[in-house]
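Have a look at the structure below, then the notes.
Note that the coordinates shown come from a computational prediction; the quantities given were computed from them, not determined experimentally. Letters go in sequence order (proteins before strands), and every chain restarts at 1.
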Protein chains: 2
Amino acid sequence: MNHEDHQEETLHVGSGEFRMTKQRRVVYDVLLDQRDHPTAQEVYSRAKRRMPGISLATVYNCLDTMAQAGVVKQVNVARDATRFCPNLRPHAHFLCARCGEVLDVDLKPAADATLAWAMPDGASVEHLEVAMRGLCPTCASQPAQLV
Amino acid sequence: MNHEDHQEETLHVGSGEFRMTKQRRVVYDVLLDQRDHPTAQEVYSRAKRRMPGISLATVYNCLDTMAQAGVVKQVNVARDATRFCPNLRPHAHFLCARCGEVLDVDLKPAADATLAWAMPDGASVEHLEVAMRGLCPTCASQPAQLV
DNA sequence: ATGAGATCAAGAATTATTCTAAATAAGGAA
DNA sequence: TTCCTTATTTAGAATAATTCTTGATCTCAT
Ligand SMILES: [Mn+2]
Ligand SMILES: [Mn+2]
Ligand SMILES: [Zn+2]
Ligand SMILES: [Zn+2]
């Protein structure tokens, strides 16, 4: 018996582990298939197309489980609902003030994001979240908005 | 007539301007007097000690007005309520996972916080928010928590 | 003093998220 | 397989931060 025999396999990723249930598979696939940092509500809408019976509570549960396990990242940008992202590379987020798109911004190779900051002596940083706002390349190159 | 003659003066700061009413004065002083990044609720509690009749709605209004005017900054750290900060220098925020303290982390002189990031070509960054989580110097130097 | 517009206050409404409790599904042992 | 235990899903209620609504009050320029 090899590992491919079972559709339902317990995944060990990062710190946590979890069972890849049908619902979790759907939720995860939604995130993989369209990497635009959807909110839980948006994930729910997309998931329902693939599994009409899935509930919003389950979507929240799945997202939370996978975030705990380190398979997806929670993204906080601006004031609105939490967004979700399956990109596990260290990256920041860029919200376009014009079109609302949320883009991944990779950490430069070998760069240290805390280098620019005068950290208090003796502090240890476990986690860093960077949210930028501005105009994305597309919107920045377009003429001023008429509306 | 000099500027000190009038208690009620219209302030021009940053992009916006606003009237420094009694309530706004109290809310602003609360932020200046204890720079621990309180939430709106906490600002409300403290403001009530100085002006018992002030309402939560007004605290929200004042904070919003002053944030619009650029006199205070809204601080988003983790998923909880927005915090407020009268420090106008460019700085990041550090949340201690142990004691819950939120510290200011100054930008190093002449440093560029976007330098570590591979910005999409042509994007323009208007605003950057950095939230760190970890152990503050005090907590990091203490023995492991027994609770 | 007076009128227009800004601000304040109280509470209702909204919204994202979490919680609760009951039903269902899954995996292991017999 | 069948039974048992536990994890997961579901629907809806509850919570909490924030915004909205509306009428009262205040300010400032006339
Ligand atoms: Mn991302
Ligand atoms: Mn601050
Ligand atoms: Zn754009
Ligand atoms: Zn601490």
Side-chain angles (χ1 to χ4, degrees), chain A residues 1 3 5-12 16-28 30 37-45 47-48 50-69 71-84 102, chain B residues 1 3 5-12 16-28 30 37-45 47-48 50-69 71-84 102:
Chain A
M1 149 184 172
H3 279 200
D5 283 346
H6 279 297
Q7 178 111 337
E8 314 301 345
E9 182 83 21
T10 300
L11 291 190
H12 304 252
E17 72 179 61
F18 68 102
R19 261 202 309 251
M20 185 54 91
T21 64
K22 293 195 208 63
Q23 287 86 350
R24 287 170 183 165
R25 172 91 264 155
V26 166
V27 166
Y28 188 47
V30 162
H37 303 87
T39 63
Q41 276 289 345
E42 183 59 34
V43 171
Y44 175 52
S45 302
K48 268 198 301 191
R50 306 176 185 204
M51 181 184 274
I54 198 170
S55 77
L56 177 58
T58 295
V59 169
Y60 270 105
N61 288 339
C62 292
L63 290 170
D64 184 62
T65 298
M66 291 191 285
Q68 297 283 118
V71 175
V72 305
K73 285 182 174 179
Q74 294 190 312
V75 176
N76 301 302
V77 53
R79 189 134 318 292
D80 44 329
T82 302
R83 295 161 177 277
F84 295 86
V102 175
Chain B
M1 149 182 171
H3 279 201
D5 284 347
H6 280 296
Q7 179 111 339
E8 315 301 345
E9 181 84 22
T10 299
L11 291 190
H12 304 253
E17 70 179 62
F18 69 101
R19 269 207 296 260
M20 186 53 91
T21 64
K22 293 193 208 67
Q23 288 85 351
R24 287 170 185 167
R25 173 90 261 155
V26 166
V27 165
Y28 189 46
V30 162
H37 302 88
T39 63
Q41 277 288 348
E42 184 57 35
V43 171
Y44 175 52
S45 301
K48 268 197 300 191
R50 307 175 184 205
M51 180 184 273
I54 199 170
S55 76
L56 177 58
T58 295
V59 169
Y60 269 105
N61 287 340
C62 292
L63 290 170
D64 184 63
T65 298
M66 292 190 285
Q68 296 284 117
V71 175
V72 305
K73 285 182 175 179
Q74 294 188 313
V75 176
N76 301 300
V77 53
R79 203 65 250 118
D80 44 329
T82 301
R83 296 161 177 276
F84 296 86
V102 175

Kindly say if [X] contacts the phosphate of [N], meaning a side-chain N or O under 4.0 Å from OP1 or OP2.
X: B:Arg19; N: D:dT27; answer: no
X: A:Thr21; N: D:dA7; answer: no
X: B:Gln23; N: C:dA9; answer: yes

[X] [atom1] - [N] [atom2] separation (whole Å):
X: A:Lys48; N: D:dT9; atom1: NZ; atom2: C1'; value: 16 Å
X: B:Lys22; N: C:dC8; atom1: NZ; atom2: C1'; value: 11 Å
X: A:Leu63; N: C:dA16; atom1: CG; atom2: C1'; value: 13 Å
X: A:Gln74; N: C:dT18; atom1: CD; atom2: P; value: 8 Å
X: B:Tyr60; N: C:dT7; atom1: OH; atom2: P; value: 20 Å
X: B:Glu17; N: D:dC28; atom1: CD; atom2: C1'; value: 14 Å
X: A:Asn61; N: D:dG12; atom1: CG; atom2: C1'; value: 14 Å
X: A:Ile54; N: C:dA25; atom1: CD1; atom2: P; value: 14 Å

Heavy-atom side-chain proximity of [X] to [Y] below 4.5 angstrom:
X: B:Met66; Y: B:Phe84; result: no
X: B:Ile54; Y: B:Val27; result: yes
X: B:Lys22; Y: B:Val26; result: no

Which pair of non-hydrogen atoms, one from A:Tyr44 and one from A:Leu56, has the smallest distance, and what is that distance? CE1-N, 3.3 Å
Remember a base hit wins even if backbone is also touched, and classify [X] as base, sugar-phosphate or nothing at under 4.0 Å, heavy atoms.
X: A:Asp80; value: nothing
X: B:Thr39; value: nothing
X: A:Ala81; value: sugar-phosphate
X: A:Thr82; value: sugar-phosphate

In Å and rounded to the nearest 0.5 Å, what is the CG to CG distance from B:Asn76 to A:Asn76? 8.0 Å
Any idea which of D:dT9, C:dC8, C:dA26 is nearest the B:Cys62 side chain? C:dC8
Between B:Ser55 and B:Arg79, name the one whose nearest nucleotide on DNA chain C is closer to the 5' end.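 Checking each residue's closest nucleotide, the 5'-ward one belongs to B:Ser55.
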